[in-house]
Amino acid sequence: MAISFREWREDDDLALIQLWGDPETGEAAQFRSVLRPSANEPWSRCIVAEDDGVPVAAGVVYETSLHPDRLWTYIEVARDNRRAGLGSTLLGMLRKEAENAPSGVTRLRAKVAPDSAGAAFAAAAGLEPIQRSRSVIVEPGKLKLPVFEDHGPQLEEAATGSVELTRAVADFYNAVHDWDRADMGLGRAQQMLLHEATGASGAVVLRDKPKHEGGKIAAFAVSYTSERTDAPADVLLGWDTSLEETEAEAAVESLLAMLAYQYPVQLEVDDSMTALAKVLDRLLAAGAARQNGPETLILSS
């Protein structure tokens, strides 16, 4: 092999996809989209490896303002060119580039599927798991519906543009990402999780008591499925993380029971989302929920 390295060019995606074929994992499909020319705003560096002038591998490292303490990295090598040190060489080059990141951050993170080639490579490179994520589908009619009384918890619809809801979403996101510090402000919560451009189509909140009595949001759910179909609705479910754990679990379970009363719902849950994870684990054990696809691991150096 005559291997050479250079920066990413605009037409490299077409050449590499023809050689790589379909993505081997969902993570590969997601991260191929960040392979692009190097830039300074936001900062990113992307390197391509050529074998006799033919692109066969690429790697990228880049920073995000939402999670500022680590840089994302992704590397993909054509099957016929693996186990020849290409991935390790690219990673070394990306680590060197990271030393010049304007933020001064050099720690890396990567997202992989367990037992995949990417997971094995990341482990060999010294990256260790810091989070596990799952997609879980809750089957309809499997949870006992809560009984709402006049002066007790109340379920109500909420506008996705509501400042109160936006604050609840931002506070929840920051709290459950203490393992990888997040800077989710109100503007970002609106732009990334609640704006109609994200697919957000509606929201409901569970208050600890009626709003006119000073009731606060104990839990919330945002739907990203605009039309009712037989397919599970994608839902972001969060809660007031200042609640005691048992209170948080009760609020989560009550809201989830209402959401999945007639139709299935699909939720993405990190292990750091302890109240939701515990509720879903019980439902999985009881056969009232099922995991949808493989887990995802986030690893860090």
* Check side-chain contact (heavy atoms from CB on, under 4.5 Å) between Lys278 and all other residues, then give those that pass, not counting sequence neighbours. => Glu245, Glu249, Arg282
* About how many Å separate CG of Leu94 and CG of Leu71, when rounded to the nearest 0.5 Å? -> 10.0 Å
* Output all residues satisfying salt bridge (Lys or Arg N to Asp or Glu O under 4.0 Å) with Glu213, sequence neighbours left out; order by chain, then residue number. => none
* Asked: So which residues get pulled into Val147's cluster when ILVMFWY side chains under 4.5 Å apart are joined, directly or through others?
  -> none
* Look at the side chain of Asn174 and the backbone N and O of Ala170, then say whether any donor-acceptor pair between them is shorter than 3.5 Å. => yes
* Counterpart residues, side-chain contact (heavy atoms from CB on, under 4.5 Å), relative to Gln30 (two or more places apart) -> Lys111
* Indicate yes or no: does Asp208 engage Lys216 in a salt bridge with an N to O separation below 4.0 Å. => no
* Those residues that, when tested against Ala221, pass side-chain contact (heavy atoms from CB on, under 4.5 Å) (two or more places apart) -> Val204, Val235, Leu255, Leu259
* Examine distances only and state if a side-chain atom of Arg32 and a backbone atom of Ile17 form a donor-acceptor pair shorter than 3.5 Å. => no
* To do: Return yes if some donor-acceptor pair links the side-chain N/O of Arg207 with the main-chain N/O of Pro153 below 3.5 Å, else return no.
  => no
* What's the verdict on side-chain hydrogen bond (donor to acceptor under 3.5 Å, both in side chains) for Gln266 and Asp234, showing C-alpha distance, side-chain angles and the deciding distance? -> CA-CA 5 Å; Gln266 178 172 269; Asp234 288 315; 2.6 Å; yes
* With sequence neighbours excluded, what pairs up with Glu24 under the salt bridge (Lys or Arg N to Asp or Glu O under 4.0 Å) test? -> Arg79, Arg82
* **CE (Met192) with more than 12 external heavy atoms under 6.0 Å** => no
* Asked: Any side-chain hydrogen bond (donor to acceptor under 3.5 Å, both in side chains) pairs touching residues 85-105, not counting sequence neighbours?
  -> Glu63-Ser103
* Around atom CZ of Arg181, are there more than 12 heavy atoms of other residues, nucleotides or ligands at under 6.0 Å? -> yes
* Asked: Which heavy atom in Gly59 sits nearest to a heavy atom in Ile75, and how many Å separate them?
  -> CA-CG1, 3.9 Å
* **Pairs satisfying side-chain hydrogen bond (donor to acceptor under 3.5 Å, both in side chains), at least one member in residues 190-199, at least two apart** => Thr166-Gln190
* Structure fact -> Rounded to the nearest 0.5 Å, the CD atom of Glu253 sits from the CG atom of Leu280 at a distance of 9.5 Å
* Listed by chain and number, what are the salt bridge (Lys or Arg N to Asp or Glu O under 4.0 Å) partners of Glu41, not counting sequence neighbours? -> none
* To do: Output every pair passing ring-ring contact (aromatic ring centres under 6.0 Å, His included) with a member in residues 154-189, not counting sequence neighbours, ordered by first then second residue.
  => His67-Tyr173, His67-His177, Phe172-Phe220, Phe172-Trp239, Tyr173-His177, His177-Trp179
* Asked: Between atom CG of Leu35 and atom CD of Glu76, what is the distance when rounded to the nearest 0.5 Å?
  -> 7.5 Å
* Whether Ser272 side chain and Val176 backbone form a donor-acceptor pair below 3.5 Å -> yes
* Asked: Would Asp281 and Arg134 pass as an ion pair if we require N to O under 4.0 Å?
  -> yes
* What side-chain hydrogen bond (donor to acceptor under 3.5 Å, both in side chains) pairs are there with at least one residue in residues 10-22, not counting sequence neighbours? -> Arg6-Asp12
* To do: With sequence neighbours left out, write down each residue that passes salt bridge (Lys or Arg N to Asp or Glu O under 4.0 Å) with Glu27, or none if nothing qualifies.
  => none
* Are the side chain of Ser38 and the backbone of Cys46 linked by a donor-acceptor contact shorter than 3.5 Å? -> yes
* Mind running salt bridge (Lys or Arg N to Asp or Glu O under 4.0 Å) on Arg109 and Asp180 for me, showing each step along the way? => CA-CA 10 Å; Arg109 72 165 85 77; Asp180 188 21; 2.8 Å; yes
